[in-house]
Structure formats: structure tokens, C-alpha cells
> 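I have a structure here, written as C-alpha cells, and I will follow up with some questions on it.
Here is the naming used below: chain letters follow the sequence lines, and residue numbers restart at 1 for every chain.
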There are 2 protein chains.
Amino acid sequence: MAAIELFAEQGYHATKTRDIAARIGMSTGAMYAHFRSKEELLFEISLTGHERGFAALAGPTEAGATPSDELAAMVRAFTTYHATFHTIAKIVHYELYGLTEEHLARVLEVRHRTSAWIEDAIRRGVAAKVFSVPGVSAVARALLSLCVDVARWYREDLGETPAQIGELNAELALRMVGAERA
Amino acid sequence: MAAIELFAEQGYHATKTRDIAARIGMSTGAMYAHFRSKEELLFEISLTGHERGFAALAGPTEAGATPSDELAAMVRAFTTYHATFHTIAKIVHYELYGLTEEHLARVLEVRHRTSAWIEDAIRRGVAAKVFSVPGVSAVARALLSLCVDVARWYREDLGETPAQIGELNAELALRMVGAERA
DNA sequence: GTCTATATTTCGATAGAC
DNA sequence: GTCTATCGAAATATAGAC
């Protein structure tokens with residue numbers, strides 16, 4: 001979708017319906033056959049992006065994995081997602097104030113689910129005495145920062161693949177939680 | 001400044017000159033005695049914020065400090081800055097696309113100075129063999145993420161002081177660079 | 001479904017009185 | 001310097017022909 005690129009490049013409010021129309025080679029009038037308003041378009045992008053981000057984070061969990069492997073896999077996948085879909089992720093994290101109150105509530109639910117998921121992973125490692133952290137939720141927040149902020153600075157022409165950034169962040173995450181190493 | 005709060009709360013483009021006027025209890029006409037345009041207002045906030053951020057990062061360097069103490073002090077101060085002035089920092093990091101080309105170039109120079117500063121600190125630790133990192137600039141980027149992203153989620157009613165977040169991030173930074181501990 | 005044309009609103013910025 | 005009033009441009013969204 002052209003709107004995704006534009007919202008991410010310039011921000012939601014800076015993007016005009018004419019810009020979107022021009023990029024896809026349509027008139028503004030024709031676009032309104034596909035969605036009711038600009039905010040609805042933002043909400044659809046935002047909610048889908050939130051759900052896919054959570055799916056990326058929650059996907060790699062395997063039964064029987066060690067807390068370290070589990071956390072590394074989560075950070076690796078969540079980071080890779082934020083690099084690969086950095087345009088959508090920018091909208092997800094920086095365009096919340098463009099949503100209506102009802103739509104905002106919908107995406108906040110997903111955000112809460114996301115942070116709870118990573119907190120639980122840390123908590124399991126602490127319980128198993130393989131992690132040592134200054135505070136579970138504070139470190140969870142820091143790990144989310146590490147993953148999420150990738151969307152702010154990542155560009156395809158950086159010479160680094162999303163997978164490489166993911167691998168780096170997985171390693172850093174294990175260091176941050178003080179994981180005992182094999 | 002009222003504009004700072006509004007730009008940070010809703011974004012630059014979402015903030016109307018009438019909103020700013022209303023918050024400070026002035027008319028829009030009266031405001032234009034104080035600045036030439038909305039973009040000029042954004043630029044002033046952005047440049048000042050950038051410079052103060054760099055000053056916070058570069059301030060704590062002391063002669064004779066160990067690489068670990070030095071890096072910890074930098075991350076502590078830079079994080080504390082981003083929590084304390086999270087409204088300004090939001091503008092600094094998320095409202096770059098609202099600037100004119102000339103003004104953008106000015107702030108990009110400060111940003112480059114900032115990342116170079118933290119890279120150098122890591123490089124000194126690696127040279128002294130007290131840090132062990134997967135890559136100097138990649139880890140520098142990650143450290144910046146950790147500090148900068150604080151501005152995205154910090155709120156005063158969180159029950160945590162900026163200094164506490166700063167202390168946490170300083171500890172996490174030392175873990176990330178694999179600093180040898182006393 | 002897409003076009004051209006336009007209705008309607010709202011924006012940033014200015015004019016002129018005080 | 002601040003006010004009221006307003007200009008001119010630009011925005012979202014709609015109307016009606018094809």
C-alpha cells in the first residue's frame with residue numbers, strides 16, 4: 001500500500017490524500033471507493049502492524065527450549081520484523097495520536113499483550129536462575145526499546161540485513177539479562 | 001514553551017497555530033510577533049534539543065576515568081536527559097521530516113557528532129581490552145536506541161525518576177559492551 | 001471504479017486598530 | 001505587542017458523469 005510508505009516517510013498528518021492518490025496513479029475521488037476516511041486507513045495499517053508484530057514475537061516459542069534460547073529467539077524475530085517492516089513499524093509506534101479514541105484502545109490492547117509476553121519470558125529465566133536482572137519489567141522495557149527503535153533508524157541501503165540486526169540484538173539481549181553462557 | 005508540549009503530544013503537523021495560541025492564552029496574530037513561521041518554531045526547538053542532548057552526553061567525560069566509568073556516565077546522563085526532557089526529545093527524534101532542507105542539515109550535523117561520540121567511547125574500551133563487542137558502530141547504535149527510546153515511553157506518573165532509568169541503562173550498557181567488572 | 005469538478009472546512013499567516 | 005477580522009491557500013471528502 002502506498003499509504004504505508006507515505007505515512008512512514010512523512011508522518012500521518014503530513015501525508016495528504018492527494019499524495020497517496022498521486023503515488024498509486026489514481027484520483028482522490030477514486031480512492032474513497034476503497035476506504036471511508038484517512039483515519040480508517042491509518043487504523044487498518046496500525047492494527048495489522050501491531051498484530052503482525054506480536055505474532056513475530058510470540059511465534060518462535062518452542063516447547064522445551066531453555067529460557068536463553070527462548071528469549072534470544074523472541075528478540076531475534078521481533079527485531080527482524082522491525083527492520084523488515086520498518087515502514088509499517090514506524091506507523092505502529094509513532095502515529096498513535098492520529099487514531100480515534102476507540103481505535104487507539106484496540107491497538108493498546110495488542111501493545112499490552114506484547115510487553116506482557118516478553119516480561120513473562122524474562123520471569124521464566126529468573127525463576128530458573130539463569131537470568132539475573134535489575135528488575136523484570138524495567139529490563140523488558142529496555143529490550144522492547146532495543147527492538148522497536150530499529151524501525152526508527154533502519155534503512156535498506158545500510159548494508160546490513162534485518163537478520164543480521166536481529167542476531168546482534170539477540171546477543172545483546174542475553175547480555176542484558178545476564179544469561180549464563182554455555 | 002507551549003509549542004513544545006503540543007508538538008510532542010500530538011506531533012508537529014497535528015498541532016495548529018490556533019492550538020498553541022489557545023494554550024498560552026494569546027491570539028494567533030499576537031504570536032507572530034515572536035516568530036516568523038511554525039517551521040521556524042519547530043527548528044528552534046529541534047536544534048536546541050539536539051544541542052542540549054549532545055551536551056548531556058558529552059558533559060560527564062572526566063580525565064582519567066576508566067572506559068567503563070566513562071561509558072556508564074555517558075549513558076546515565078543521556079538517558080536521564082531523554083526522560084527529563086522527553087517532550088523535547090520526542091520532537092528531536094520524531095519530527096525531523098517537518099524541517100526544511102537547510103534546517104534538517106543543521107540538526108543532522110549534531111546527530112552525527114552524537115553518534116561519533118559514543119562510538120569513540122566504545123572504541124577506547126575495546127582498545128583497552130576491557131570491552132568486548134560484536135561491532136563498535138552496531139553496539140553504539142544499540143546504546144543510542146536504549147537511551148533515545150526512553151523519550152517514546154517515559155511519563156512522569158510512572159513512579160520512576162529519570163535518574164533511576166539512567167542508572168538502569170548505565171548498568172545495561174556495561175553488560176552490552178561486555179565490560180569486565182570489578 | 002475511476003474520472004473531473006467542487007463543496008466545505010480549516011489551515012498558516014497578515015492587516016490594521018488600539 | 002496584542003487584539004479582531006480576514007485573506008488566500010490547501011486540506012478532506014463528496015457529487016455526478018462516464
> Expressed as a whole number of angstroms, how long is the span from H13(A):NE2 to dG12(C):C1'?
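In whole Å, dG12(C) C1' and H13(A) NE2 are 16 Å from each other.
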> How many Å lie between CZ on R18(B) and P on dT10(C), as a whole number?
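In whole Å, dT10(C) P lies 10 Å from R18(B) CZ.
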> Heavy-atom contacts under 4.0 Å between residues 20-37 of chain A and DNA chain D, which residues?
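Correct list: T28(A), G29(A), Y32(A), S37(A).
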> Is it true that R141(B) and E160(A) make a salt bridge, defined as a side-chain N closer than 4.0 Å to a carboxylate O?
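Here R141(B) pairs with E160(A) in a salt bridge, since their nearest N and O are under 4.0 Å apart.
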> Say whether L174(A) and I165(A) are linked into one hydrophobic cluster, either directly or through other cluster members, by side-chain heavy-atom distances under 4.5 angstrom.
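Different clusters.
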> Is the terminal nitrogen or CZ of K38(B) (NZ for Lys, CZ for Arg) located under 6.0 angstrom from the six-membered ring centre of Y12(B) and within 45° of that ring's axis?
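Yes, K38(B) and Y12(B) form such a contact.
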> In this structure, how many angstroms lie between the P atom of dC11(C) and the OH atom of Y12(B), rounded?
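My rounded result for the distance is 14 Å.
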> Kindly indicate whether the side chain of I24(B), heavy atoms from C-beta on, has any atom under 4.5 Å from the side chain of M31(B).
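Yes; the side chains approach each other to less than 4.5 Å.
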> Walk me through it: do H50(B) and F54(B) pass the test ring pair (Phe, Tyr, Trp, His ring centres under 6.0 Å)?
CA-CA 6 Å; H50(B) 273 92; F54(B) 177 74; over 10 Å; no
> Measure the distance from CG on L41(B) to P on dA13(C) and round it to the nearest whole Å.
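After rounding, the reported distance stands at 10 Å.
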> For the backbone of R36(B) and the side chain of E40(B), can you confirm whether one donor and one acceptor N or O come within less than 3.5 Å of each other?
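Yes; judged by distance alone, with no hydrogens or angles, the pair exists.
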